[in-house]
Participant: 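Encoded as structure tokens, here's the structure I'll be asking about.
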Amino acid sequence: MTVSAFPSAAPLDRPVPKAFGLKSGKSLEGLGLRTVGDLVRHYPRRYEHRGELTDLSGLVLGEHVTVVADVQSATVRATRSGKAMLEASVTDGRGRLRIVIFAGHRAKLRYYEAKLVPGRRGLFSGVVSEYQGHLQFLHPDFEVFDPEYEERAREEAAWPIPIYPASQSLQSWQIRNAVRHELAGLQDADVPDPLPPALRSAHRLPSLLDALRLVHVPQEDADWHRGRHRLRFEEAFVLQAELARRRARAAGQPAVRRPGAAGGLLDAFDARLPFTLTAGQVEVGQQIAHELAAAHPMQRLLQGEVGSGKTVVALRAMLQVIDSGGQAALLAPTEVLAAQHARTLRALLGDLAEGGFLGGADRATRVALLTGSLPAAARREALADAAGGAAGIVVGTHALLNPDVQFADLGLVVVDEQHRFGVEQRDVLRTRNEVQPHLLVMTATPIPRTVAMTVFGDLETSVLREVPAGRSGVKTFMAYADRPNYVARTWALVREQVAAGGRAFVVCPRISADGDEQGDDDADLLADEEGEAGEGGDAKATRRPLRAVLEVVEELRGRPELAGVPIGLLHGRMSSEDKDRALAAFASGETPVLVTTTVIEVGVDVPAATAMVVLDADRFGLSQLHQLRGRVGRGSAPGVCLLVSHAEEGTPAWTRLETLVRTTDGFELAAADLELRREGDVLGAAQSGAGSSLRLLRVARDADLIERAREEATALVVHDPELTGWPALADAIEQRLRGAGEEFIDRV
Ligand code: ADP
Ligand code: MG
């Protein structure tokens with residue numbers, strides 16, 4: 001190792017010195033702390049006060065924690081096997097924590113005994129375990145506050161004590177001492193600040209070095225609040241600067257203008273449209289038409305309520321591109337959805353999609369479907385249609401991303417249900433062409449504004465809020481899974497719907513009883529939190545298995561309410577032909593009840609579907625339930641959605657489900673969902689952890705701050721797109737977003 005061979009390295013890039021008990025390089029690396037820069041960016045998790053004892057009743061078994069407590073007693077005695085044991089007790093004034101240290105013989109314990117003097121206060125750090133019903137630390141580390149020292153530094157005794165994410169081999173106070181020492185030796189010039197000085201003074205933010213001192217060595221609580229605020233702002237600003245830069249770069253790219261042509265396919269399509277476009281569809285349509293005609297690539301995110309008619313908007317954009325001599329690709333997240341899109345588009349286009357066929361309209365084009373499971377001959381044909389240009393529209397899954405898929409002239413990429421794709425994937429299609437095609441991303445998941453700004457910050461956003469008139473909507477009810485009369489009524493209602501010509505989805509969280517929870521259908525299931533947090537504490541033992549498709553199909557086939565009703569099933573482990581067959585049989589009414597997983601979550605359009613029963617509904621996220629519910633009530637008959645769960649009235653799970661009963665506004669639900677979820681679920685795994693670019697920022701909480709940072713970043717990037725005047729900012733982007741952190745941008 002040549003670690004010490006670079007005395008000229010910038011101070012933050014130097015390896016952490018092996019002093020202050022940081023002897024073990026391993027323990028530092030375990031926390032991802034290699035350089036001084038890593039160390040000073042290892043922020044305290046929380047702050048304690050010498051004057052305030054940690055509430056011991058909040059300790060969780062198995063967790064590594066650091067607490068402030070008073071020594072109550074300490075005794076050393078011999079164990080039966082002839083060894084020595086120190087047993088102490090520390091307290092927060094109410095509860096007690098037992099401390100046990102074993103040693104070969106008494107003498108070895110003297111050192112500890114001398115420190116654990118009853119009445120003294122200290123920091124104790126260890127893994128919480130249990131012994132005979134009492135909480136204990138076995139062999140904890142501790143730092144007892146030294147009364148003499150305290151005397152000398154009375155003032156410092158009142159300072160908040162930073163508590164760091166620590167490990168068993170590296171204690172919070174070791175980290176504290178090391179950080180403190182390193183910070184003392186740094187000058188402002190050693191710590192390049194990504195925030196421009198003018199911005200700092202406008203927002204009254206301390207310099208980076210000052211902020212680091214404030215969070216690591218605060219003298220009062222207001223200090224670390226101020227330091228954290230500034231570091232949060234910085235996180236938002238660095239990210240937004242990168243997103244602004246991406247937008248600016250894309251806007252600077254050339255694109256082929258696709259203005260469309262009068263008397264073309266789009267006009268022909270509009271003329272035969274069986275309904276009037278909603279005001280939102282018209283408005284967004286005009287915006288898109290305008291951007292497609294521009295010499296720079298469109299980069300637009302279209303958010304639209306479930307059933308708001310995004311497909312028609314996308315199809316009209318595709319037709320404009322075809323009328324301009326180009327082709328469009330439509331990327332769907334699943335084969336089921338891709339096949340359905342192809343069918344829908346062909347149906348909407350009628351003879352306009354029969355190019356080259358007898359009876360096709362004059363200017364007709366073709367819709368090609370390209371998925372991984374296509375038979376070889378069909379695949380060859382689709383590939384030829386794409387490469388030769390006969391297919392104006394090529395629909396597919398990520399199989400479209402294969403390099404052997406060539407387009408004659410790709411002018412527009414439409415990505416449906418973006419949340420299943422990463423930016424990287426859609427970029428494959430975009431950047432393969434010499435000239436970037438236009439891009440339209442569609443999502444039915446309503447995204448709160450701050451998340452959109454953070455996650456889709458490189459796209460401009462449009463929203464389709466209204467749903468076409470004439471929809472009867474969905475009524476939502478809750479049903480108790482453990483009350484037989486509710487269960488009987490649920491299936492009786494399904495029967496009524498079927499008898500009236502409707503169809504019913506029955507959604508389960510799992511495929512089979514022995515499968516793991518996630519199944520392979522990507523159900524975004526929630527942990528059973530309420531169960532574990534239950535008063536009795538024995539909820540774990542009684543945790544019931546989740547309902548599974550294969551099991552529920554059998555049960556329903558035997559239920560008297562559903563006697564004689566054919567029941568089908570659908571899940572992600574079936575082949576795509578089987579899936580298509582199952583959906584077709586459901587749509588046609590051959591099997592009017594379909595037991596399924598969340599494969600139907602996105603985009604499945606069966607207008608005759610009127611009922612949806614979700615089993616174990618409390619295990620799904622609100623947004624996901626909203627998506628599911630959107631599958632019914634799409635035709636002229638009103639829909640009904642039954643949320644069946646074991647949740648008890650008044651529990652958080654129940655309250656959450658009630659939100660769905662109360663509102664059908666996807667944005668309201670998404671905001672509620674965001675509050676309830678942990679951040680990582682929203683932004684992906686890359687957000688947490690040492691390498692993360694967002695350590696302190698929380699999109700749900702820091703909306704205002706993100707908005708301000710975005711404005712500032714955009715203004716700065718407009719004047720200096722390559723950030724030549726702001727090397728510290730450029731470096732911060734480079735280091736934080738291009739490493740592990742870039743996944744955050746590219747793989748949401
Ligand atoms: P989503 O936004 O969920 O993808 P779709 O595009 O699948 O919605 O539209 C749902 C249904 O509404 C489709 O059957 C579509 O043909 C129909 N639709 C779209 N726009 C309108 C409109 N303006 N008026 C009536 N029906 C419409
Ligand atoms: Mg759709």
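Numbering of ligands and ligand atoms starts at 1, following listing order.
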Participant: Looking at every non-hydrogen atom in both residues, tell me the closest pair between Arg495 and Leu562 and how far apart they are.
Facilitator: NH1-C, 3.7 Å
Participant: Which atoms of ligand 1 sit under 4.0 Å from any heavy atom of Leu277?
Facilitator: 23 (N)
Participant: Quick test of your reading of the structure: of Ala314, Gly309, Pro607, whose heavy atom lies closest to atom 9 (O) of ligand 1?
Facilitator: Gly309
Participant: Considering only heavy atoms of Thr278, which atoms of ligand 1 have at least one such atom less than 4.0 Å away?
Facilitator: 23 (N)
Participant: Hey, are Thr476 and Arg629 close enough side-chain-wise for a donor-acceptor pair under 3.5 Å?
Facilitator: yes
Participant: Would you kindly specify which portion of Thr276 sits under 4.0 Å from ligand 1, judged on non-hydrogen atoms: side chain, backbone, both or neither?
Facilitator: backbone
Participant: Examine the side chains of Thr397 and Thr371 and answer whether a donor and an acceptor come within less than 3.5 Å of each other.
Facilitator: no
Participant: Less than 3.5 Å apart, any donor N or O on the side chain of Gln303 or Thr461 sitting next to an acceptor on the other?
Facilitator: no
Participant: Which atoms of ligand 1 have any heavy atom of Thr311 under 4.0 Å away?
Facilitator: 4 (O), 5 (P), 6 (O), 7 (O)
Participant: Tell me yes or no: between the side chains of Gln287 and Ser462, is some donor less than 3.5 Å from an acceptor?
Facilitator: yes
Participant: Taking heavy atoms and a distance under 4.0 Å, where does Met442 meet ligand 1: side chain, backbone, both or neither?
Facilitator: neither
